[in-house]
Amino acid sequence: MVSRSKYDKTKVINYPSYNRYIVVIAQLLTSLGRRGDYYTLNVGQGRKGSTVYDGPKCPPISIEEYLNRWARYSYCSPETFVLAVMYIDRLSQMASVLITSLNVHRLLLTSLVIAAKVRDDVYFSNRYYASIGGIPAAEMNRLEISWLTDTDWDLYVTRQDYDTYVNQFEKHRSTLDGPLAGTLPAISNDNSGDIARKASPSETQSEEEAEGDSAVNSHSSDIGEPAQAIQ
């Protein structure tokens, strides 16, 4: 298991992709995962939907540690973290996927990968992202394809919606030790000032291409130790 001391805040803020809302996002997703676990155990099987995102057991690494690892090795833009949460919200609504401790890491990893590809001009291969996340490259490909299919390739994000999430995160930064509501802000229909656009299948890698690609820049050789496997 990854030691918390390894991700000391004095070091995390110097990571290439550090985002000031990492702790808030971690608490939010952890809260949602626990709520999903409770619902599944005490109410029923939860909302029906794709189960491709579920792992066989709860990973030993916390969501905050997982996000910090992404911040250290992904070299993505800080905006990617906010987009990732928005995409998780979108998948939950469109595909009725219930967030639980069995799928929250894979949901987070997949949403970060997709957000990086949508937002950033330069990004890595799925093989590299899989090594950060601690899963096989083939599974990374399957998760991405399932996500895009479940959400009908809807990756468009308006400036207004993005700012809504940022404002919610900012509001919670002063109460990081307190409980979060466990709900995500509502999405508007305003399409002005887009942050991310809707993708098309022709703009993404095929499974075979992603499986064989190397990282698109020199950072791929500087990943350090492998992630704790989450399967």
Side-chain angles (χ1 to χ4, degrees), residues 12 14-22 24-26 28-29 53 61 63-91 103-151 153-159 161-162 165-166 169 194-207 209-224 226-227 230:
V12 171
N14 294 320
Y15 288 168
S17 300
Y18 171 75
N19 184 292
R20 63 192 294 183
Y21 304 122
I22 283 179
V24 175
I25 293 172
L28 171 62
L29 294 178
Y53 310 104
I61 184 172
I63 296 300
E64 184 176 350
E65 291 166 343
Y66 206 57
L67 284 166
N68 287 335
R69 179 173 174 83
W70 180 267
R72 182 178 183 180
Y73 294 117
S74 70
Y75 294 88
C76 69
S77 61
E79 292 82 3
T80 297
F81 291 91
V82 179
L83 289 175
V85 176
M86 299 180 75
Y87 288 157
I88 291 174
D89 187 20
R90 191 168 296 179
L91 177 75
N103 63 25
V104 63
H105 291 77
R106 284 171 169 79
L107 291 174
L108 179 57
L109 174 62
T110 310
S111 64
L112 285 166
V113 168
I114 294 174
K117 292 182 178 182
V118 170
R119 174 63 180 170
D120 299 340
D121 293 330
V122 177
Y123 53 84
F124 291 89
S125 69
N126 278 10
R127 181 182 297 278
Y128 179 75
Y129 287 138
S131 68
I132 298 176
I135 63 174
E139 182 179 4
M140 183 76 261
N141 295 334
R142 288 194 298 271
L143 289 171
E144 181 182 28
I145 292 171
S146 296
W147 189 298
L148 295 172
T149 301
D150 286 343
T151 57
W153 295 79
D154 185 9
L155 305 176
Y156 182 81
V157 173
T158 68
R159 166 61 69 176
D161 288 341
Y162 180 88
Y165 278 74
V166 169
F169 295 156
D194 59 298
I195 294 293
R197 57 189 175 80
K198 183 172 181 177
S200 63
S202 62
E203 294 178 307
T204 65
Q205 294 172 303
S206 68
E207 184 166 342
E209 290 172 335
E211 181 71 20
D213 277 353
S214 59
V216 297
N217 61 41
S218 60
H219 297 310
S220 60
S221 62
D222 190 33
I223 188 171
I230 65 170

Below 4.5 Å, heavy atoms only, C-beta onward: do I135 and R142 meet side chain to side chain?
-> no

- [ ] Give a yes or no answer on whether the side chain of D89 reaches the backbone of V85 with a donor-acceptor pair at less than 3.5 Å.
- [x] no

Fit a plane to each ring of F169 and Y21, take the angle between them on a 0 to 90° scale, and name the class: parallel (under 30°), tilted (30 to 60°) or perpendicular (over 60°). tilted

Original post:
Do D161 and T158 have side-chain atoms, one donor and one acceptor, less than 3.5 Å apart?
Top reply: yes

In terms of heavy-atom contacts, L83 and A115 come closest through CB-CB, 3.8 Å

Sorted by chain and number, sequence neighbours left out, side-chain hydrogen bond (donor to acceptor under 3.5 Å, both in side chains) with W147 holds for none

A71 and I22 have their tightest heavy-atom pair at CB-CD1, 3.9 Å

Exercise. Below 4.5 Å, heavy atoms only, C-beta onward: do Y15 and Y73 meet side chain to side chain?
Worked result: no

When rounded to the nearest 0.5 Å, the distance separating CD of E79 from CG of D120 is 8.0 Å

Quiz item: Taking the side chain from Y66 and the backbone from G133, do they hold a donor-acceptor pair closer than 3.5 Å?
Solution: yes

Sorted by chain and number, sequence neighbours left out, side-chain hydrogen bond (donor to acceptor under 3.5 Å, both in side chains) with T80 holds for S77

Output for pair (N14 CG, R72 CZ), nearest 0.5 Å, gives 11.5 Å

Closest non-hydrogen contact found for L155 with Y87 is O-OH, 2.7 Å

Value for OG1 (T110) from CG (N126), rounded to nearest 0.5 Å, stands at 9.5 Å

Should V157 and Y165 count as side-chain neighbours, where that means a heavy-atom distance under 4.5 Å? no

For C76 and F81, the nearest pair of non-hydrogen atoms, with its separation, is SG-CE1, 4.3 Å

When rounded to the nearest 0.5 Å, the distance separating CE of M140 from CZ of R106 is 10.0 Å

CG (L109) and CD1 (I132) are apart, to the nearest 0.5 Å, by 8.5 Å

For K117 and F124 the tightest heavy-atom approach is CE-O, 4.4 Å

Heavy atoms of R127 and A137 approach each other most closely as CA-CB, 4.0 Å

- request: Would you check if L108 and W70 make a side-chain contact, meaning some heavy-atom pair closer than 4.5 Å?
  value: no

Here the gap from T151 atom OG1 to I114 atom CD1, rounded to the nearest 0.5 Å, amounts to 6.5 Å

Worked verdict on V104 versus I88 for side-chain contact (heavy atoms from CB on, under 4.5 Å):
CA-CA 9 Å; V104 63; I88 291 174; over 6 Å; no

